[in-house]
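Just follow the structure's listing: the first ligand is 1, and inside any ligand the first atom is 1.
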Amino acid sequence: MKLEKKVLNGYIPKHIAIIMDGNGRWAKKRHMPRTYGHKKGSENLKNIALECKGLGVKVLSVYAFSTENWQRPKKEVDYLMTLPGEFEASFKGQFEKEDIRVVFSGRRDRFPKKVQDLIKRVEEKTENRTGMTLNICFDYGSYTEITNAVQEIALDVKNNDLNISAITPDVISNHLYTKDLPKLDLLIRTSGELRLSNFFLWQVSYSELYFAKKHWPAFNKKALLLAIEDFQNRKRRYGGLKEKKS
Ligand code: FPP
């Protein structure tokens, strides 16, 4: 059976996250600057988001800029800051047609004002769309996300709005950037690295992990289908003995 048909016959993960790694190496292999890899990576994000929508995925979260990425050379950081703008210009029409909502997860205070305004505008403009949510993690890091959650919860306790004994995993989840999103089913990392790099450390607790060899700009529809097919063959037991269909 054709791969796509086979995948569509199985359970489609509701929430997929991707660590889009390998833009730099992909460009280097082609004797091009790293920024060219990011440009192609950004174009690929649009394609893969549209493929996910077509398959019936409800949320696609992508790691586009980490809290640690500010350490890169200024020229590269400056270029990465132009990507949300370029991306908006290129996805506008098609994303509207496909009813795709765009949200951003992460700190916002360190971006240039132009980027902050764009994030706000894109989120407001797309907020009523229900076809799929694209969650762009930008200046995102799990340590920051969890630290913020702890600070907010501590403040509720200090103000007598919350008892310490009422702090549950759900309370913590409800203070994370992802509080309105479904549980993460599948995390994909491209480019062959086997680590999480401060991404979705809380969210990943019972997700399936998939590591693809391809660099992000080359991660195409077939690679996505293979990842989902692999996910569909996993048995998810959540610590129990019986398999639970998600
Ligand atoms: C990791 O590859 C990739 C990034 C740090 C940037 C990813 C960003 C995009 C794909 C586009 C984002 C789009 C929007 C809309 C914000 P790397 O540079 O670490 O690659 P390397 O490990 O080969 O050097």
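- Taking a cut-off of under 4.0 Å to the non-hydrogen atoms of F87, the atoms of ligand 1 that pass are 15 (C).
- In summary, E96 and K125 do not engage in a salt bridge, as defined by a charged side-chain N under 4.0 Å from a carboxylate O.
- Of all the heavy atoms of V62, none lies under 4.0 Å from any atom of ligand 1, so neither backbone nor side chain is involved.
- Protein heavy atom at the shortest distance from atom 20 (O) of ligand 1 is G24 N, 3.1 Å.
- Here the shortest heavy-atom distance to atom 13 (C) of ligand 1, taken over T190, L45, I19, belongs to L45.
- Listed by number with element, the atoms of ligand 1 under 4.0 angstrom from any heavy atom of N69 are 5 (C).
- With hydrogens left out, the protein atom closest to atom 4 (C) of ligand 1 is H38 CE1, 3.9 Å, a heavy atom.
- For the ring-ring contact (aromatic ring centres under 6.0 Å, His included) test, residues two or more places apart in sequence or in another chain that qualify with Y36 are W26.
- Salt bridge present: E193 and R25 bring a charged side-chain N and a carboxylate O closer than 4.0 Å.
- For atom 9 (C) of ligand 1, the nearest protein heavy atom (residue, atom name, distance) is M20 CE, 3.7 Å.
- The shortest side-chain heavy-atom distance between V57 and K53 does not fall under the 4.5 Å cut-off.
- Closest protein heavy atom to atom 22 (O) of ligand 1: R25 NH2, 2.9 Å.
- Only the side chain of R34 comes within contact range of ligand 1, with a heavy atom under 4.0 Å; no backbone atom does.
- Contact annotation: for F65 versus ligand 1, there are no heavy atoms closer than 4.0 Å.
- Among the atoms of D21, some N or O lies under 3.5 angstrom from an N or O of ligand 1.
- Close contacts between ligand 1 and W216 involve ligand atoms 10 (C) [criterion: under 4.0 Å to a heavy atom].
- When each atom of ligand 1 is checked for a heavy atom of F138 under 4.0 Å away, the hits are 16 (C).
- Proximity of the aromatic rings of F138 and F111 is defined here by a centroid distance below 6.0 angstrom, and this criterion is met.
- Residues T178 and W202 are not in side-chain contact: their nearest non-hydrogen atoms beyond the backbone lie 4.5 Å or more apart.
- Judged by the shortest distance from any of its heavy atoms, R72 lies inside the 4.0 Å radius around the atoms of ligand 1.
- Where the criterion is an N or O separation shorter than 3.5 Å, residue side chain and backbone included, Y63 fails it with respect to ligand 1.
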**Message:** Pair R237, E243 - check salt bridge (Lys or Arg N to Asp or Glu O under 4.0 Å), show working.
**Reply:** CA-CA 5 Å; R237 289 188 291 267; E243 185 182 353; over 6 Å; no
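- If you look at Y140 and F200, their ring centroids are closer than 6.0 Å.
- In summary, E229 and K6 engage in a salt bridge, as defined by a charged side-chain N under 4.0 Å from a carboxylate O.
- Residue H215 places no heavy atom under 4.0 Å from ligand 1.
- The distance criterion of under 3.5 Å between nitrogen or oxygen atoms is not met by G41 with respect to ligand 1.
- More than 12 non-hydrogen atoms from other residues, nucleotides or ligands lie less than 6.0 angstrom from NZ of K46.
- Atom numbering of ligand 1 starts at 1 in the shown order; those under 4.0 Å from a heavy atom of L83 are 11 (C).
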**Request:** Evaluate the side-chain hydrogen bond (donor to acceptor under 3.5 Å, both in side chains) criterion for residues E76 and H38: first the C-alpha distance (whole Å), next the side-chain angles of each, then the deciding distance (0.1 Å), finally the verdict.
**Result:** CA-CA 9 Å; E76 184 170 343; H38 294 317; 2.8 Å; yes
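- Listed by number with element, the atoms of ligand 1 under 4.0 angstrom from any heavy atom of A64 are 6 (C), 7 (C), 8 (C), 12 (C), 16 (C).
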**Request:** In sequence, state the C-alpha distance, the side-chain angles, and the governing distance for E88 and R121, and then conclude on salt bridge (Lys or Arg N to Asp or Glu O under 4.0 Å).
**Result:** CA-CA 10 Å; E88 189 207 11; R121 186 174 73 242; 2.8 Å; yes
